[in-house]
Protein chains: 2
Amino acid sequence: MTAETVDLRLTPQRRAVLDVLRAATDHPTAAEVFDRVRRVQPGIGSATVYRTLGRLVAAGQALELTLDGQPAARFDANTERHDHLLCQSCGAAADIHAPLADGLLADVAARTGYAGLSYDLVFHGLCPACRASQAPSAP
Amino acid sequence: MTAETVDLRLTPQRRAVLDVLRAATDHPTAAEVFDRVRRVQPGIGSATVYRTLGRLVAAGQALELTLDGQPAARFDANTERHDHLLCQSCGAAADIHAPLADGLLADVAARTGYAGLSYDLVFHGLCPACRASQAPSAP
DNA sequence: TGCCATACTGAGAACCGTTCTCAACACATC
DNA sequence: GATGTGTTGAGAACGGTTCTCAGTATGGCA
Ligand SMILES: [Zn+2]
Ligand SMILES: [Zn+2]
Ligand SMILES: [Zn+2]
Ligand SMILES: [Zn+2]
């Protein structure tokens with residue numbers, strides 16, 4: 001098996017979880033995935049959803065994000081290296097590419113002695129919709 | 001009151017929590033803060049520690065970090081803008097300065113329409129100690 | 001100084017997200 | 001069909017955090 005194929009029997013339940021996750025662009029929580037999957041597989045249990053999400057993450061087919069201030073983990077079928085933008089008001093999480101300056105990782109490694117560095121970068125701000133609804137005029 | 005002074009009665013319990021947090025450089029969890037405070041205020045309850053940490057964070061006197069893959073939040077009395085370095089093996093969290101390239105925040109704001117942007121940057125890697133103990137020779 | 005309103009505390013219950021347990025089930029192989 | 005292995009769903013268990021509430025300390029004021 002390659003890194004791309006998963007060593008999992010592709011049961012209807014797993015297929016449904018994977019489909020829901022691949023169709024999502026909003027970084028749903030496990031509970032949200034569960035709700036969406038249930039529309040298609042009404043009998044599915046939450047344990048199966050949690051298990052499947054965990055397997056997908058372990059197999060590199062999904063990412064798990066834990067965003068500051070939100071207790072529930074969010075899942076992302078976009079496994080390419082990317083960053084996130086989180087609205088402080090409505091909680092929406094969007095993808096964005098904002099690569100670090102070349103050499104910054106190497107610089108950090110050199111300064112600290114850490115090996116195999118990677119990073120997570122999350123921007124926080126007010127999304128256009130929330131900005132419009134919160135401060136249409138000067139406060 | 002200014003942004004620096006807290007609008008809290010400085011009870012012995014709160015004083016102890018603040019002292020413990022200011023003395024810590026390891027980004028302790030609430031449970032760890034609780035343990036350390038108890039050595040000095042044996043009767044304190046965990047609710048008081050959680051409440052006080054929450055108040056300090058709300059007042060800008062401490063930061064709360066939720067690091068990927070670790071269920072418990074960590075607290076940091078260093079409120080200056082800084083980044084973090086997390087060892088994937090032992091979980092140690094260290095402070096580091098690795099400022100984003102000038103203009104990157106403005107660029108992200110321009111591309112997305114988000115306002116009031118800030119960011120959190122966490123590096124992941126293997127700390128020197130763990131590296132030494134894990135792979136002294138070629139695997 | 002004594003009294004009152006207010007804020008704070010600690011024990012424990014409640015809560016929420018997640019993981020575990022286990023009996024029933026599906027599937028492939030013989 | 002029998003057998004083994006892996007999967008499922010219900011519910012219990014778990015860990016971190018927040019809530020509730022009766023008792024206590026504090027500060028302001030007569
Ligand atoms: Zn928003
Ligand atoms: Zn994403
Ligand atoms: Zn380490
Ligand atoms: Zn720090």
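The chains referred to below are lettered A, B, ... by the order of the sequence lines, with proteins before strands, and numbering in each begins at 1.
Spacing between atom CD1 of B:I44 and atom P of C:dC8 amounts to 14 Å, rounded to whole angstrom units. The CG atom of B:L53 sits 15 Å away from the P atom of D:dC19 (whole-angstrom rounding). Per the geometry, CZ belonging to B:R55 stands 13 Å off P belonging to D:dT18, to the nearest Å. For the pair B:R38 CZ and C:dA11 C1', the computed distance is 13 Å after rounding to whole Å. Regarding B:R14, its CZ atom lies at a distance of 19 Å from the P atom of D:dT24, rounded to whole Å. In this structure, B:Q13 places its CD atom 17 Å from P of C:dA7, rounding to the nearest Å. For the pair B:L10 CG and D:dG27 C1', the interatomic distance rounds to 15 Å; values are reported in whole Å.
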Step by step, work out the salt bridge (charged side-chain N to carboxylate O under 4.0 Å, His left out) result for B:R39 and B:D35.
CA-CA 7 Å; B:R39 292 186 207 138; B:D35 281 351; over 6 Å; no
Would you check, one step at a time, whether the test side chain to side chain donor-acceptor pair (under 3.5 Å) holds for A:R51 with A:T48?
CA-CA 5 Å; A:R51 267 188 306 238; A:T48 299; 3.2 Å; yes
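Backbone-only contact: A:G43 has heavy atoms under 4.0 Å from sugar-phosphate atoms and none from a base.
In terms of phosphate contacts, A:Q41 brings no side-chain nitrogen or oxygen within less than 4.0 Å of OP1 or OP2 of D:dT8. In this model, the phosphate group of D:dT7 is not approached by any side-chain N or O of A:R51 to a distance below 4.0 Å at OP1 or OP2. Applying the 4.0 Å criterion to OP1 and OP2 of C:dC8, one finds that B:T11 has every side-chain N and O outside that range.
Ring geometry, A:H82 versus A:H97: the interplanar angle falls from 30° to 60°, so the pair is classed tilted.
Proximity of a side-chain donor or acceptor of A:D76 to a complementary backbone N or O of A:H27 within less than 3.5 Å is not detected. Checking side-chain atoms of A:R22 against main-chain N and O of A:V17 turns up no donor-acceptor pair under 3.5 Å. Formation of a donor-acceptor pair under 3.5 Å by the A:T112 side chain with backbone atoms of A:V108 is found in this model. Under a 3.5 Å cut-off, the side chain of A:R74 and the backbone N or O of A:E64 do not form any donor-acceptor pair.
The nucleotide whose nearest atom lies closest to any side-chain atom of A:R9 is, among D:dT7, D:dT8, C:dT9, D:dT7.
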If you restrict it to nitrogen or oxygen atoms, what contacts under 3.5 Å exist between nucleotides 13-19 of chain C and the protein, and what is each distance?
residue	atom	partner	partner atom	Å
C:dT18	OP1	A:A73	N	3.0
C:dT18	OP2	A:Y50	OH	2.9

